[in-house]
Each structure stands twice: as structure tokens, then as C-alpha cells.
Participant: 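The structure's right below; bear with me while I get my questions together.
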4 protein chains.
Amino acid sequence: MDVKSPPALERWPVAFDVPVAWGEMDAFQHVNNTVYLRWCESARIAYFEQTGLLSQMKEKAIGPILARVAVDYRAPVTYPDTIRVETTVTKMGNTSFTMKCRMRRAQALSVLVAEAETVVVLINYRTGEKVALDSAFKDAVLGLEAKGSN
Amino acid sequence: MDVKSPPALERWPVAFDVPVAWGEMDAFQHVNNTVYLRWCESARIAYFEQTGLLSQMKEKAIGPILARVAVDYRAPVTYPDTIRVETTVTKMGNTSFTMKCRMRRAQALSVLVAEAETVVVLINYRTGEKVALDSAFKDAVLGLEAKGSN
Amino acid sequence: MDVKSPPALERWPVAFDVPVAWGEMDAFQHVNNTVYLRWCESARIAYFEQTGLLSQMKEKAIGPILARVAVDYRAPVTYPDTIRVETTVTKMGNTSFTMKCRMRRAQALSVLVAEAETVVVLINYRTGEKVALDSAFKDAVLGLEAKGSN
Amino acid sequence: MDVKSPPALERWPVAFDVPVAWGEMDAFQHVNNTVYLRWCESARIAYFEQTGLLSQMKEKAIGPILARVAVDYRAPVTYPDTIRVETTVTKMGNTSFTMKCRMRRAQALSVLVAEAETVVVLINYRTGEKVALDSAFKDAVLGLEAKGSN
């Protein structure tokens, strides 16, 4: 018996489509490099909301901060277009977790326009200290990932 | 004898220079129309800080909201350039006041690139109700305007 | 007989829904004032495309520039939300035309969040001189407006 | 004799200070993650201009595109502040080169707020094909780096 169990993470449960705004293009006539980070941020926030992570911010002053972002730009984007943005958690550490963000043309999903990887750290906003991921958050991530399409 | 006293307002006491970022240009190769509002916002916030208006936000939950902005675009701006942004209060009402914002090329001050007029209303952030401008704020505005260069 | 003919303009033919991005909120926790101009710009560009105005830019170096924007902010917008953005031409002059832009909550259309009026001038990009609106453009505007929902 | 010659690259020749705009803060009250990419872009464009890279765009339709950006966020930034942004080329390959971007508090240079690494590819805008870095560009980079402060 050698059946692999499906991975518990990296199942891409959060996805949405975002229209490209004309004004997001820069003088090189392509969507500016900063806009991709906005798209991933929107996906990240949606993910956080679905795992209850942001509700802790008001109650306990504990919240996520972005420690690192790496973006690989694969294909230029121009107006008009619509981008399918997807995100998933790929690793959970002690006080941090890693997410991936995938951006494709919504009308031509075989065209990957960019990929990003982000590292998010949980901190106490009052003290600035790192905070361990608690089991409620970990369970919420696993539960959300279990709904993933991948 | 008919000597006019100088006006107590519209004396342009707040000014700063801001460099144009390449990425603020849009696909028409000019600085995008939204950027001018960012410049005026920066000037407005600086004005608010110099009159103590923002310190009331934490203490009393009273703060300014923008009710109206009108911008006249006079000349296109391109990278590289530096813009001199200036602002002044021109009118004080019961619960609101009017500001002007002037944007010129810092290296060629005779070139006006845009002018804006904004109406700011004071509200109670908890109740959403308008709040009367108090005499401390009015005095601070008059004091700041008295330092103006105009 | 005193039947009024329907107006040929101001029939709001262009409309779309745009999701609010979390990152469009500022430190006051509301969607920043500059974002409304981005929404109106997107509507304006869509309108221009549907009237063939932008195709003249490459062929004849004739194109629209924004001469004036006035925005009335009616209600604060917060994430998450979706905004219905609509635009229409209200006046056509010799070398310029006036547009209105209306922003409402897509899920609660009775809530007007902002209204804007813009003046657009047609210019020759090479000479900088104003250019008369030609009959092809005027007819395209009337044709597009005739499809309007109002 | 074992004297190391100074490195020809990574000498940080391009630097400027940029004021933080209030409106660049997001709802978490920190400068938004996308803004750091704008700062690095401004530094990159300044570097490109000083090496003549952009002048080729009009003449030969050859220009730089961003293939990858990785940002490590080291310390939150809040308004008001001024950021010293510096950039340098660290590697030159056949059709691409690598740059670093360093962001520090201008009034407290020991505080590193973020570091970024970017990979830039030279392409022919008409064909989309990669183009070899020519010796004129390489010499310009070496010449500019030689002026560096490091």
C-alpha cells in the first residue's frame, strides 16, 4: 500500500477576479509592477478574513505583518483585461507562515502573468514581539485549504 | 485714508517640494490626475498638524473629512520634475472650512500646473455628526496664516 | 401638446462594478479620496473606447485631456464593498465636453457615495492646441447615450 | 602581496531622499507594502537614466523589463518620515542584470527599513526577445558604480 495522502496545504482555496484599471498602466504601457502586490494583498486579506486572523487584531492586538514578498513577473499585463488572483498557505512555522499568490488571465487561464511568495509573521502590535501561531488559526487554515480546488 | 488691512486668511503658510516619481506617469506619459490629489492631501495633513487638528482625533474622536475637491489642471507634468505644493485656508464656516491648494514647478514657479479647492467638514467619528469649529482651531488657523508668505 | 422629448445626453450609458481593495483604505480607515478619481477615470476611458475617441490618438495624435475634476464625497466607503460606477456626457462644446460620474454601493444602490463632474478637452498632442469635436465623435456620443438606462 | 581590489559593482552610486506621504499609509497605519516597490522603481529609473539605458528605448525599441522583485521588510514606516533610497548593480549577465535597493530612515541611517533585490531583463519591445547587454551599457554601469560611495 503506497497511496499518498493529498497535501493538507497549497490547495489554493481563495480566488477572485479583478479588472485591470487603465490608470494602473505606467509610461511603458504595461500594468505597473506595484499593482501585482496590491492584487496579492487583496488575496491575502481575503484569506485572513476567512481564517479569523483579523478578528484577533481588535481583541488581542495580535496581527499579521508582511516580512517578505518575492514576485516573478511572467508576462506583461495591459488594459483591458481581468486577472484571476489565487492564494494559498504553503507552510506554517512557529510564528510565521508562507503564502503563494498566483495571477493568471481570467479569460485565458493558461497564461500565468505573475507568481508571488510572501512570508507573514504574527506579532503583538503593542510590544512588537513575535507571537506563536495558535491552534485555532492553524485549524482554520487547514479547514480553509481543505476546501481548495487543487 | 483708505488703506486695506491685509486679509487674515489665504496667506499660503504651508509649502513643500515633492519630487515626481516616474511611476506616477500613466500610459499617456503624463502624471496621472489622481496624483495631484495626493499632493494636496499631503499639504492638507501638514496644515492640520500645524493647527493641532489631528490631535483631537484621538482625544475626542473629532476629525476632518473631505466633503469636496475640485481640481483645475493647468499644465501637464512629466518625470523628472519637482512640484512646489502650497496650501491655505480661505474661509471658515460653522462646521466646515475651505482650503486652496496650488501646485507649481519648483524650478519654474511661474508655471502653475494645477489649482485645487477643497471643503473640509469637522465630524464626530463616533456619531457621524458635524461638529462646530472651536475657537482653539480658528485661532490656530489665524496664527498659522499670519506666518504666511503672501 | 406639450410632451417633452427625452434628453439626448445625460442618459448614463456606461456602468460597471468595481470591488474595493483593502489597500485602498488609508490611515483613517476609509477609502482614500484619490481612489474615487481612479474609478471615474476607468469609467471615462470605457466611455472613450465606446465612442472611438482613443483610436484617433494613434492615427492623428488627437486625444482627450482632463481639464477639471470636481468630486463631492457623500458617504465614506470601507472594505469590503463593491461600487457601481456610472458615467455620461452632459454637455458638448466646441473643443470640450462635460461628463458626470456617479458612484453608488452596488449592493445598496440608494446609497450614493460620491458624484463627480469632469471637463475634458480635445487637443492635438503634437502642437498642444485645442481641437474641435468632430461630427463622428458627437454622433458616437449621441449613439452611445441613446443606449443609456436613464 | 594580497591586496584585494575593490569590487567593481555593488558600490551604491545612486541615492536620493523621498518624503513619506500620509496617504501612503494603509488601514494598519503603516506605509503600505506596495510603496517600497515604488521607491525602488524610482531609484532604478534614475540608475537607468544615468547609464543611458532608456535612451535606447526610443531609438532601438530595446528596453529593460522587470523579471523579479524580492523585498525584505525590516521595520515599519509611518508618516511623517523621509526615506533614503539607494541602488546599485550587483551582477551583469548576458541578457539580464541584478540590482539591490536599500531603504533607510534618512534621519537615522542605522535604521534599515527594507532591502530589495530585482532582476532586470533587456528585451526588444517589438519582438519580445531578450537582447544581450552591450558593452556601452556595461561600461556605463561600471563607470557609474565607480562613483559609488561604498
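Just so it is clear: chains get the letters A, B, ... in the order the sequence lines come, proteins before strands, and each one is counted from 1.
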Participant: Does NZ belonging to A:Lys138 count more than 12 external heavy atoms closer than 6.0 Å?
Facilitator: yes

Participant: Return the CE to CE distance between B:Met25 and A:Met25, rounded to the nearest 0.5 Å.
Facilitator: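 Spacing of CE (B:Met25) from CE (A:Met25) equals 14.0 Å.
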
Participant: With only heavy atoms counted, which part of A:Phe28 is less than 4.5 Å from chain B, the side chain, the backbone, both or neither?
Facilitator: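 Backbone plus side chain of A:Phe28, per the 4.5 Å heavy-atom cut-off to chain B.
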
Participant: To the nearest 0.5 Å, how far apart are CH2 in A:Trp22 and CG in B:Asn32?
Facilitator: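 Nearest 0.5 Å value for the CH2-CG distance: 6.5 Å.
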
Participant: Would the number of heavy atoms belonging to other residues, nucleotides or ligands and lying under 6.0 Å from CD of A:Gln107 be above 12?
Facilitator: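 Not buried by this count: 12 neighbours or fewer within 6.0 Å.
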
